[in-house]
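Keep in mind that this is a model prediction, so the values were computed, not measured. Reckoned from all heavy atoms, side chains included, excluding hydrogens, waters and symmetry mates. Start at 1 and go down the list; that is how both ligands and their atoms are numbered.
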Amino acid sequence: MPLDMILGAQWGDEGKGRITDLLAVKADITARFSGGDNAGHTVTVGSQIYKLHLIPSGIIHPHTLCILGNGMVINPERFIAELDDLKKLGVDISPERLKISRAAHILTPAHIALDGAQESQRGGLKIGTTRRGIGPAYVDKAARRGIRAGAMEKPDTFARLIREHVAAANKLLERIYGQPPLDAEAISARFHQIATRLKPYLADTGSKIAEALEAGKTVLAEGAQGTLLDIDHGSYPYVTSSSPTAPGALLGLGIGPSFLQRIIGVTKAFQTRVGEGPFPTELTGPEGDLLRGTGENPWDEFGTTTGRPRRCGWLDLVLLRYAARVNGFTELTLTKLDILSGISPLQVCTAYSCNGLSSPNLTDTPDAIGSYMPVYTELPGWAEPITSVRSPDKLPAGAQQYIRLIETETNLPVRMVSVGPERDALIHR
Ligand code: GDP
Ligand code: IMO
Ligand code: MG
């Protein structure tokens with residue numbers, strides 16, 4: 001005991017990596033459970049900035065075992081590149097402390113080519129994916145023709161499966177999408193070498209997690225993406241292809257809910273989104289630019305994975321209440337509160353209106369939010385910088401009022417407030 005979850009409450013990039021790094025200090029295991037290298041998690045330790053895509057953020061702490069769970073889709077070439085980058089930074093990436101579930105699915109260059117081809121074909125209706133092959137990899141999983149990581153135990157068989165998979169994808173690429181075929185032989189040969197290197201990382205990760213929990217150890221589930229990108233509960237079809245929510249964490253780790261303790265919803269103090277899809281509180285003018293930043297600071301709102309500018313807007317408590325319902329959050333963590341210093345007044349969406357009727361809760365699934373108008377509660381804000389504040393009562397009155405509004409409106413405690421990207425820029429409440 002226990003299992004704690006760190007989950008994105010919005011459209012991703014809430015600061016899950018930064019919070020995982022903080023809580024991993026006391027975790028025996030840190031595990032990713034869904035998605036792949038579409039995730040980009042930034043951890044800042046002094047002058048060192050770590051950018052993690054597949055490997056859990058706990059890797060930076062030498063004591064924690066890191067797991068890539070069965071719910072993930074893993075591009076092994078990206079995994080190796082990430083291993084090598086971390087090694088250069090002095091991080092221990094030995095197979096003793098990093099395990100890949102044998103049931104996780106392998107993502108290949110064919111999935112990436114299909115993702116790109118499908119996005120191009122969608123034209124104006126594109127989803128704005130990260131083009132990392134995520135959707136096509138989950139399609140193969142659901143179609144029961146995917147290749148699982150466990151196949152790397154036998155590199156010869158694995159190489160054959162990869163060759164056949166690329167040859168099959170080539171038919172789609174050429175005949176349906178008019179794209180050039182990929183070199184199945186060359187990819188197969190590369191993946192043979194990869195299998196030989198990655199074999200020692202394979203494990204039955206579900207039983208490792210279960211044993212740890214039964215022995216009284218702490219397991220941290222590090223979410224990727226966010227609730228509103230969930231394939232079932234997000235703003236479909238502008239979503240990812242996995243389940244980044246609390247039930248998805250159990251599914252993607254291979255354990256039941258009995259050890260569950262904290263379900264932490266991480267939300268920014270405002271709203272951001274990369275890619276297409278509805279965004280009721282979006283600010284397209286200078287206020288949005290103010291929230292986004294110019295790109296000069298590492299924490300400005302430009303994607304960790306794709307470098308795309310993130311769309312920015314006011315905090316949406318209707319959607320946060322929805323995320324709390326879907327995940328069963330037990331608490332909230334508020335990140336990037338420092339960015340709101342000096343912005344006055346502040347608006348927070350506390351209801352949606354449609355045809356003259358206003359409602360505090362979503363009355364439909366989130367794919368319909370494009371037709372709602374946000375109803376705002378205005379707050380005065382605060383002028384002073386807060387990055388060096390470490391205790392809740394030292395926050396300016398306007399910031400305390402902002403946090404209280406979130407707590408009242410969601411009926412959840414905000415137990416951590418992040419006021420900067422650095423490890424120690426945090427207020428416990
Ligand atoms: P994740 O995908 O949820 O892990 O979030 P990202 O790493 O993609 O994006 C969050 C960005 O905000 C990163 O650049 C973090 O370093 C940064 N960040 C996190 N918390 C804070 C904070 O409280 N203040 C500031 N200024 N930056 C933060
Ligand atoms: P982290 O873990 C923000 C978005 C993409 C696109 C949609 C589908 O860093 O919070 P995909 O490539 O998954 O098929 O793209 O999902 N998306 C993310 N947005 N943060 C992420 O991860 C994301 N992962 C996917 O921009 O809109
Ligand atoms: Mg991110």
Side-chain angles (χ1 to χ4, degrees), residues 6-22 32-45 49-54 56-57 72-73 75 107 111-112 114-116 118-119 126-139 222-231 234-242 244 266-270 272-279 291-293 295 297-308 310-311 333-341 385-387 389 416-427:
I6 297 172
L7 304 169
Q10 301 170 306
W11 278 293
D13 301 326
E14 299 90 347
K16 299 172 295 292
R18 182 248 186 285
I19 299 301
T20 302
D21 168 64
L22 201 83
R32 278 274 308 271
F33 57 84
S34 71
D37 66 306
N38 49 349
H41 295 183
T42 317
V43 177
T44 309
V45 186
I49 298 180
Y50 299 88
K51 290 183 188 290
L52 299 144
H53 299 281
L54 283 165
S57 303
M72 291 185 71
V73 287
N75 176 339
L107 188 153
H111 293 131
I112 297 172
L114 285 168
D115 195 1
Q118 286 162 3
E119 275 289 86
K126 72 177 194 298
I127 290 164
T129 74
T130 58
R131 295 188 179 235
R132 294 295 167 99
I134 305 298
Y138 279 113
V139 164
E222 175 180 1
Q225 290 76 56
T227 304
L228 302 168
L229 291 172
D230 185 284
I231 180 89
S235 44
Y236 194 89
Y238 300 100
V239 293
T240 190
S241 301
S242 65
V266 185
T267 176
K268 269 179 205 166
F270 48 98
T272 66
R273 167 163 217 171
V274 239
E276 307 304 316
F279 184 168
L291 293 172
R292 183 177 309 105
N297 304 306
W299 57 84
D300 286 347
E301 296 293 348
F302 293 82
T304 312
T305 299
T306 58
R308 289 180 288 178
R310 295 176 185 148
R311 300 156 66 192
T333 287
L334 187 64
T335 59
K336 298 195 83 165
L337 189 63
D338 51 304
I339 301 300
L340 299 187
S341 286
I386 55 170
T387 298
V389 176
M416 291 182 282
V417 180
S418 174
V419 289
E422 282 274 356
R423 229 177 220 177
D424 72 337
L426 198 100
I427 301 171

Residues forming a salt bridge (charged side-chain N to carboxylate O under 4.0 Å, His left out) with [X], sequence neighbours excluded:
X	answer
R131	none
R423	D21
E301	K268, R310, K336

For the residue pair W11 and S235, establish whether any side-chain heavy-atom pair is separated by less than 4.5 Å. yes
Less than 4.5 Å apart, side chain to side chain, heavy atoms only: is that true for R273 and L229? yes
Who gets closest to atom 11 (C) of ligand 1 by heavy atom: E422, E301, M416, R310? R310
Residue, atom name and distance, where the atom is the protein heavy atom closest to [atom]:
atom	result
atom 27 (N) of ligand 1	W299 CB, 3.4 Å
atom 2 (O) of ligand 1	G40 O, 2.9 Å
atom 10 (C) of ligand 1	D13 O, 3.7 Å
atom 16 (O) of ligand 1	P421 CB, 3.5 Å
atom 4 (O) of ligand 1	G17 N, 2.9 Å
atom 28 (C) of ligand 1	K336 CG, 3.6 Å

Sum up the protein N, O or S atoms located under 2.8 Å from the Mg ion (ligand 3). 2
Using a strict cut-off of 4.0 Å, indicate which atoms of ligand 1 neighbour a heavy atom of [X].
X	value
I339	26 (N)
G420	21 (C), 22 (C), 23 (O), 24 (N), 25 (C)
S418	20 (N), 21 (C), 22 (C), 23 (O)

Measuring from non-hydrogen atoms of R273 to any atom of ligand 2, is the shortest distance under 4.0 Å? no
Does at least one non-hydrogen atom of Q225 fall below 4.0 angstrom from an atom of ligand 2? yes
Consider ligand 1: state whether an atom of it lies below 4.0 angstrom from any non-hydrogen atom of P298. yes
Does only the side chain of Y238 get under 4.0 Å from ligand 2, or the backbone, or both, or neither? Count heavy atoms. neither
